[in-house]
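In what follows, a single structure is set out as structure tokens and then discussed.
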Amino acid sequence: MNAEPNATPSPAATVAPSDFIRDIVAQDLAAGRCAEGVVTRFPPEPNGYLHIGHAKSICLNFGIALENGGRCHLRMDDTNPAKEDIEYVESITADVKWLISGWADSVLGLKPKGEKPAPAPGGDFRIRPVPAADHAARAPELEPFFASDYLEQLYLFAERLIEKGKAYVCDLSPAETDEYRGAPDRPGKNSPFRERTIAENLDLFRRMRAGEFPDGARTLRAKIDMASPNVWLRDPLLYRIRHLAHHHAGAGWCVYPLYDYAHCLSDYLEGVTHSVCTLEFEVHRPLYDWILESLELPRALPRQYEFAKLHLAYTLVSKRRLLQLVNEKIVAGWDDPRMPTLAGIRRRGIPASALRRFVIGVGVTKFDSLTELAVYENAVRDELNAAAHRRMAVLRPLKLVIDNFDALPLGSFQRMHATDRPDADKGGGSRDIKDSFEKELWIEQDDFSETPPPKYFRLKPGGEVRLKYAGIIKYNSVEKDAAGQVVAVHVDMDPDSLPGGSAKDRKVKGTIHWVGVKSCIDAEVRLYDRLFTHPEPASAENIRDVLNPRSLEVVTAKLEPSLATATPEERFQFERLGYFTPDAKDSAPGRPVFNRTITLKDTWAK
RNA sequence: UGCCCGAUGGUGUAAUGGUAGCACAGCAGAUUCUGACUCUGCUUGUUAAGGUUCGAGUCCUUAUCGGGCAGCCA
């Protein structure tokens with residue numbers, strides 16, 4: 001192999017594998033078919049929030065651009081004013097920037113605000129992005145691309161199609177259009193308006209634009225083949241009448257292009273070379289090509305390629321179903337940390353690097369697969385393990401009393417070192433927790449059992465266990481309340497097992513974590529689990545049937561005091577429990593609310 | 001049953017006519033002041049039948065199974 005000598009990637013680095021689309025790009029490049037470089041695009045419709053499925057598309061498109069020194073345009077595919085809103089433009093832009101931050105920022109294509117395609121030789125138009133190097137300096141005056149910025153050019157192209165005899169104005173009603181289309185196994189029949197003259201079509205189309213006709217009265221259709229076995233070639237609609245202002249384009253329009261017409265031409269105007277979309281658009285590809293070829297455009301044409309969507313077990317991405325969760329208050333909103341939205345994933349504390357690594361790792365194929373949740377969880381744990389600061393926290397407290405505390409030689413050492421990050425040799429460092437070590441501590445209820453199951457390594461009657469970073473304790477007795485519940489466990493500590501002691505390295509099977517009763521702080525901690533109990537929640541008739549009743553548990557936890565100043569940008573491992581991060585919305589300065597991102601892997605059978 | 005697409009261990013993916021590999025999961029062990037991490041080992045696969053070829057996961061044929069397509073949505 002020809003590996004670079006110093007190309008040893010960190011565990012967090014994601015090496016993009018090859019796949020059939022990247023192979024095509026490489027071939028095109030080798031054949032000199034991309035004179036102006038590789039240009040891809042991520043084109044969401046601003047009618048909802050981005051989710052984990054979009055992450056795959058984002059990483060594919062930005063990844064291809066990055067690997068080939070090209071660029072990737074963020075484009076709002078906003079040709080249906082009835083469904084879209086500026087709110088989504090903003091959330092989509094923020095989510096994309098978050099996901100590519102620190103990875104592919106350098107290939108993000110944006111443009112000056114308000115800029116539209118400029119006329120070019122041969123009756124052509126084109127629009128150019130601002131180089132990413134200038135983004136920082138010009139940030140306030142930049143915006144994504146918008147298909148709705150091309151309304152004028154798209155309209156002009158449509159007139160050209162009419163002039164070439166390749167499009168006509170049709171007066172059929174929606175129901176009639178549907179009937180004339182036939183069915184996949186039954187040919188359609190020609191519209192009675194199919195043979196209008198070019199002059200008549202031009203006149204009618206101009207009057208459509210001028211607002212002379214009501215919604216639905218007429219459409220512009222491509223003249224292809226009503227008997228085609230591919231229904232998308234049966235004189236597909238290009239334009240419909242909608243007397244509606246547009247969230248981005250304003251009030252000047254009442255005819256709006258449909259997806260198949262607008263998308264290929266938007267790609268062309270932006271100089272996109274590889275237009276990558278999901279499998280359901282496979283049957284649209286002949287139409288994509290037909291429109292571009294019919295216009296006899298002067299520049300190289302973009303090509304469409306399709307890949308399989310991401311399907312992740314125990315996860316739902318259907319907009320309708322997700323909306324139901326929000327509307328019925330099953331979750332707290334679109335950015336609830338249990339949601340598969342990028343906003344939810346981010347709030348949950350999952351690093352963008354982990355999401356990227358996951359979606360890139362599942363690969364790109366045309367096979368409709370279902371990816372196990374464990375693959376996702378592994379990526380998250382792996383990134384967090386490397387990045388998270390270690391802290392001690394007790395989620396379900398039980399009091400521990402060290403009976404011989406006052407006799408312990410605590411004055412003989414200055415510090416009690418606790419790991420901050422395991423890679424201390426690389427600057428991970430340590431912190432001092434000596435002031436937290438008190439006579440009375442909180443330990444996890446799970447870490448004591450009066451009647452332990454087999455192979456129980458934690459504290460039990462007659463047993464010994466190590467208090468992490470401190471010393472070894474031996475069971476003395478339990479205190480119970482009137483109801484017989486254990487309220488405190490009494491132990492003695494082996495003084496020689498303290499840091500610096502003669503038996504500091506003595507081995508015992510179990511180590512448990514703790515916080516000081518007096519020094520600890522109380523904090524709300526939200527314990528999240530998967531939202532659904534079924535690996536394919538989409539297959540359920542009613543999502544309520546497959547909801548996990550324990551997808552959220554809120555506890556008041558005892559945290560070591562250093563956690564009081566934690567901020568939402570910080571990642572922590574609460575030792576032996578999992579990874580946690582302060583909630584970005586509900587935390588207050590000095591009073592963080594923690595979200596559990598994910599538990600530690602637990603191979604001890606529960 | 002019109003057209004299009006697909007099928008490699010439990011899951012995802014690689015092998016571009018020449019040794020079926022990787023990751024995750026699982027199991028066993030080592031290590032461990034996190035039952036984590038790390039390390040070692042193991043189990044398990046080319047949908048089927050024909051054909052072409054010295055040689056087929058790969059090319060051809062047929063079958064089987066799965067997915068997609070009939071919005072004035074994208």
Side-chain angles (χ1 to χ4, degrees), chain A residues 17-20 23 43-45 47-48 77-80 82-84 147 170 172-175 177-179 181-188 215-221 228-234 236-242 256 258-260 262-263 277-286 306 308 313 361-379 381-382 385-386 390 392 418-419 422-423 455-458 465-472 497 499 504-513 573-578 599-605:
Chain A
S18 189
D19 55 64
F20 76 101
D23 288 348
E45 182 185 20
N47 69 345
D77 214 1
D78 57 349
T79 54
N80 184 358
K83 288 191 166 185
E84 298 150 6
C170 181
L172 251 24
S173 71
T177 305
D178 203 38
E179 187 196 323
R181 185 161 31 231
D185 55 350
R186 171 167 48 85
D215 287 6
R218 295 182 212 268
T219 57
L220 183 73
R221 302 179 66 174
S228 171
N230 181 344
V231 293
W232 289 100
L233 258 19
R234 320 245 264 227
L237 273 61
L238 269 22
Y239 271 86
R240 78 287 225 187
I241 301 173
R242 286 285 177 276
Y256 290 96
L258 278 112
Y259 167 82
D260 288 294
H263 202 94
C277 61
T278 47
L279 242 29
E280 67 267 31
F281 293 101
E282 221 165 9
V283 288
H284 294 239
R285 189 183 344 123
E306 310 88 10
V362 298
V364 180
T365 66
K366 301 184 81 159
F367 176 62
D368 227 346
S369 57
L370 179 67
T371 300
E372 287 179 347
L373 237 206
V375 182
Y376 178 53
E377 294 181 333
N378 176 263
R381 289 194 181 106
D382 221 47
N385 179 49
R390 311 290 125 130
M392 292 203 285
T419 302
D423 57 345
K455 297 229 177 138
Y456 187 81
F457 301 157
R458 283 105 101 140
V465 77
R466 179 177 285 278
L467 288 181
K468 182 115 179 148
Y469 305 125
I472 296 169
S497 67
K504 67 180 170 56
D505 293 325
R506 181 157 75 88
K507 308 284 184 213
V508 285
K509 192 67 187 166
T511 300
I512 64 174
H513 60 276
Q573 184 197 104
F574 291 178
E575 295 207 61
R576 303 208 303 132
L577 296 173
T599 60
L600 249 34
K601 199 163 140 192
D602 185 2
T603 48
W604 186 54

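Everything quoted here is computed from the prediction, not taken from an experiment. Every chain is numbered from 1, with letters handed out A, B, ... down the list of sequences.
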Identify which nucleotide among [options] has an atom closest to any side-chain atom of [X], counting heavy atoms from C-beta outward.
X      : options                : answer
A/D77  : B/rA70, B/rC24, B/rA74 : B/rA74
A/D185 : B/rG2, B/rA25, B/rC72  : B/rG2
A/E372 : B/rG2, B/rU16, B/rU11  : B/rU11
A/V283 : B/rU1, B/rC73, B/rC69  : B/rC69
A/W232 : B/rC69, B/rU8, B/rA14  : B/rC69

| 5'-most contact on RNA chain B: A/K366 or A/F20, nearest heavy atom basis? |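 Whichever sits nearer the 5' end wins; that is A/K366.
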| message | Quick check on RNA chain B: between A/N378 and A/V364, whose nearest nucleotide comes earlier from the 5' end? | response |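 Residue closer to the 5' terminus by nearest nucleotide: A/V364.
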Which is true for [X] with a 4.0 Å heavy-atom rule: it touches a base, it touches only sugar-phosphate, or it touches nothing?
X      : answer
A/N47  : nothing
A/T79  : sugar-phosphate
A/R242 : base
A/A374 : sugar-phosphate
A/T219 : base
A/I241 : nothing
A/F281 : base
A/H263 : nothing

| query | In which stems does RNA chain B show up, taking only runs of three or more Watson-Crick or G-U wobble pairs whose two distances fall under 3.5 Å? | reply |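 Ordered by first number, the stems with RNA chain B (at least 3 consecutive pairs each) read B:2-7 with B:64-69, B:10-13 with B:21-24, B:26-30 with B:38-42, B:47-51 with B:59-63.
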| query | Taking the chi torsion of B/rG26, is it syn (within 90° of 0) or anti (everything else)? | reply |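 What B/rG26 shows is an anti base, its glycosidic angle lying more than 90° from 0.
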Using atom [atom1] of each nucleotide, how far apart are [N] and [M] to the nearest Å?
N      : M      : atom1 : answer
B/rU46 : B/rG21 : C1'   : 13 Å
B/rU58 : B/rG18 : P     : 12 Å
B/rC59 : B/rA14 : P     : 14 Å
B/rA70 : B/rU19 : P     : 43 Å
B/rG71 : B/rU64 : C1'   : 34 Å

| Summary of protein contacts for nucleotides 32-44 of chain B, nucleotide by nucleotide, where a base hit scores B, a sugar-phosphate-only hit scores S (4.0 Å, heavy atoms) | BBBBSS-------
| request: Pick out which of A/P236, A/P174, A/S173, A/C170 makes a side chain to side chain contact (heavy atoms under 4.5 Å, CB included) with A/T219. | output: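 That would be A/C170; it is the only one of A/P236, A/P174, A/S173, A/C170 passing the side chain to side chain contact (heavy atoms under 4.5 Å, CB included) with A/T219.
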| query | Without hydrogens or angle criteria, can the side chains of A/D19 and A/T365 be said to hold a donor-acceptor pair below 3.5 Å? | reply |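 No, A/T365 and A/D19 have no side-chain donor paired with an acceptor closer than 3.5 Å.
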Listed pairs, N/O of protein and of nucleotides 64-67 of chain B, under 3.5 Å:
| from | atom 1 | to | atom 2 | distance (Å) |
| --- | --- | --- | --- | --- |
| B/rG67 | O2' | A/D368 | OD2 | 3.1 |

| task | May I ask you to say whether A/K601 pairs ionically with A/E377, meaning some side-chain N is under 4.0 Å from a carboxylate O? | result |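 Salt bridge: no.
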